[in-house]
Amino acid sequence: MPELPEVETIRAGAATHVLDRPIAAVEVLRERSVRRQGGGAAEFTARLRGCTLTAAVRRGKFLWFPLRGPDGVAEDAALLVHLGMSGQLRVMEGGSHPHLRVRIRFADGGQFWFIDQRTFGYLWVADLVPTLDGGPGGVGTLEYAPAVSDAGPLAQHNSALEHAALIPAPVAHIAPDLLDPRLAEPGGPQRRELVRRMRRGRRGIKRALLDQTLVSGIGNIYADEALWRSRVHYDRRTDVMPAAKAGAVLQSAREVMVDALAAGGTSFDSLYVHVNGDSGYFSRSLDVYGREGEPCRRCGRPIVREVFMNRSAAFCRNCQRPPRR
DNA sequence: AGGGCAACCTGGGGGC
DNA sequence: TGCCCCCAGGTTGCCC
C-alpha cells in the first residue's frame, strides 16, 4: 500500500514503539520475505538476535532501523524494510495472521510483525555505508543524510543525525525525497538542481516522478494526484517543459504527500503501527486516483484512466491536456 | 544510456 | 457455485 506518507506514518509509529527493546528471537515464516539476505533466514535471525533497534529512519519508501549489538556497541548494520505492494509492520502482543511473514519477539514479551500478502516486500539486515550519492550539487560524500523526516514526531530525536551520515548499502542508489528538509524548500538550490535533472533527457513527467533515483517516495497514486493538482498531463515531456512548470509539479507532489501525512498521522494507535489498508487514512481524499468516471472536482468532466507504464494513469482530459503526438 | 517490459507473488472482485 | 480474467499503491533485471 505504501508510498512515502504511509511509510513515514509507519516510521513514526515504529519509532515510538520498537526502539531500545532487546530482540529475543526472530521467526521467518516465509523465506521469500528475507530473500535479499545472502545467508537466508539463518543469517537474518542470527544477526538480529540480542540486538536493539536504535532509531527509525526513512528515505523515500525505504525504512530502516540501525542496530545496536548485544554488547551495547552500535553495529554497522540496520534492519532494512521495504513494504513492497502490501507490506505492513505492526506492534502486537500475540496472536497470528494469515499473511504474517516475519515475527520479531522482544525480550519484554512484545512482538513486531511483518505482514505481507503479496511478498513483494522484504526485510534485510544490511550494512550501513556512508552516503555517496552526492545529489544536487554533486559535492559528494555525506552531503545528503538519509531522509530523517521533518514530519514525524521523533524528527528531533532522529535529527540528532547520529545516523544521518550512514545509509544501508542497498538504498544508496535511492535519491532523497521531497520531505527531506533540503528538498522541502520550493525555491531552494537542491530543488532547482532536481528540476534540472528532471528536465535532462527525453521522457514524460510521470516517468520522471516515479524514478526513485531522481526523487524518491512518489508512487503511482501521488504521481497522478500531483499531476492533477498542477494540471499537467502524465506524458508531457520534461525536457520541453518550462522549469517553473516542472517545479510546480514537484511542489504539488510534496503538498499532496504532506496532506496525506497529516491525515495518516492521526489514525494509528498504540497497538497497530499500521492500520488495516482499507481503513483510516486510506480514505484520505483523492482527486483522481480510483475516481474513473467520476466528475473532476475542478471542471466536472469525467476522470479517465489509461494504461501507462503497465499501470493505470488517472487524469482529467480537460484539465490535463495530452501532448500532440 | 536510457526506455520498455516481463517477472516476482497472492489474493479480491466482476462477468459469465 | 465455479471458472477465468483483470486488477492491485513497487522494484529489479534483462533486452533493445
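Letters A, B, ... mirror the listed sequences (proteins, then strands); counts begin at 1.
Here, dT11(C) and dG12(B) have their P atoms 24 Å apart, quoted to the whole Å. Rounded to a whole angstrom, the distance from the P atom of dG11(B) to that of dT12(C) is 24 Å. Across dA6(B) and dC6(C), the matching P atoms stand 14 Å from one another, rounded to whole Å. For the P atoms, the distance linking dC7(C) with dC5(B) amounts to 16 Å, nearest Å.
Remark: the Q251(A) side chain and the R191(A) side chain contain an N/O donor-acceptor pair separated by less than 3.5 Å. Residues D116(A) and S86(A) have side chains that bring a donor and an acceptor to within less than 3.5 angstrom of each other.
Contact between the side-chain N/O atoms of S312(A) and the OP1/OP2 oxygens of dA8(C) is found at a separation under 4.0 Å. Side-chain N/O atoms of R311(A) include none lying less than 4.0 angstrom from OP1 or OP2 on dT11(C). Residue H99(A) has no polar side-chain atom (N or O) positioned under 4.0 Å from OP1 or OP2 of dT10(B). The side chain of H82(A) places an N or O atom within less than 4.0 Å of a non-bridging phosphate oxygen (OP1 or OP2) of dT11(C).
dG10(C) atom P lies 13 Å from atom CG of D116(A), rounded to whole Å. dG4(B) atom C1' lies 7 Å from atom CZ of R207(A), rounded to whole Å. Put simply, CZ on R36(A) is 14 Å from P on dC9(B), counting in whole angstrom units. Rounded to a whole Å, the CD atom of Q212(A) is 9 Å from the C1' atom of dT11(C). In this structure, CZ of R35(A) is placed 11 Å from C1' of dG10(C), rounded to the nearest angstrom. Computed from coordinates, the Y222(A) OH to dG10(C) C1' distance equals 15 Å when rounded to whole Å. Separating the CE atom of M309(A) from the P atom of dC5(B) is a distance of 10 Å, rounded to the nearest angstrom. Between L210(A) atom CG and dG2(B) atom C1' there is a gap of 16 Å when expressed in whole angstrom units.
Within the 4.5 Å cutoff, no side-chain heavy atoms of E193(A) are placed close to those of Q190(A). In this structure, V258(A) and L179(A) have side chains that are in contact, with non-hydrogen atoms separated by less than 4.5 Å.
Along DNA chain C, the nucleotide closest to P170(A) and the one closest to V307(A) are compared, and the more 5′ of them pairs with V307(A).
Using a 4.0 Å heavy-atom criterion, one finds that R200(A) contacts no nucleic acid atom at all. Backbone-only engagement by R30(A) is indicated by non-hydrogen atom pairs under 4.0 Å involving sugar-phosphate atoms exclusively. At a threshold of 4.0 angstrom between heavy atoms, the contacts of N220(A) are confined to the sugar-phosphate backbone, with no base atom among them. Counting any heavy atom pair closer than 4.0 Å across all strands shown, G201(A) reaches no nucleic acid atom.
Minimum atom distance to the side chain of K61(A) is reached by dG10(C), of the listed dA8(C), dG9(C), dG10(C). Listed candidates were dA6(B), dG11(B), dA8(C). Nearest to the side chain of M85(A) is dA8(C). Across dA8(C), dC5(B), dT11(C), the shortest atom-to-atom separation from the side chain of R118(A) is found for dA8(C). Distance from the side chain of R305(A) is smallest to dC7(C) among dA6(B), dC9(B), dC7(C). For F120(A), whose side chain is taken as the heavy atoms from C-beta onward, the closest listed nucleotide among dC5(B), dC9(B), dA8(C) is dC9(B). Distance from the side chain of T119(A) is smallest to dC9(B) among dC9(B), dG11(B), dG9(C). In the set dA6(B), dG11(B), dG9(C), the nucleotide with an atom closest to the side chain of I221(A) is dG9(C).
Pair assignment for dG2(B) gives dC16(C), based on Watson-Crick or G-U wobble hydrogen-bonding distances that are each under 3.5 Å.
Of the charged side-chain nitrogens involved, at least one lies within less than 4.0 Å of a carboxylate oxygen, so that D224(A) and K206(A) count as a salt-bridged pair. Ion pairing between D287(A) and R298(A) fails under the 4.0 Å rule for side-chain N and carboxylate O.
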Yes or no on salt bridge (Lys or Arg N to Asp or Glu O under 4.0 Å) for E27(A) and R105(A), after CA distance, side-chain angles and deciding distance? CA-CA 8 Å; E27(A) 297 164 46; R105(A) 295 179 189 272; 2.6 Å; yes

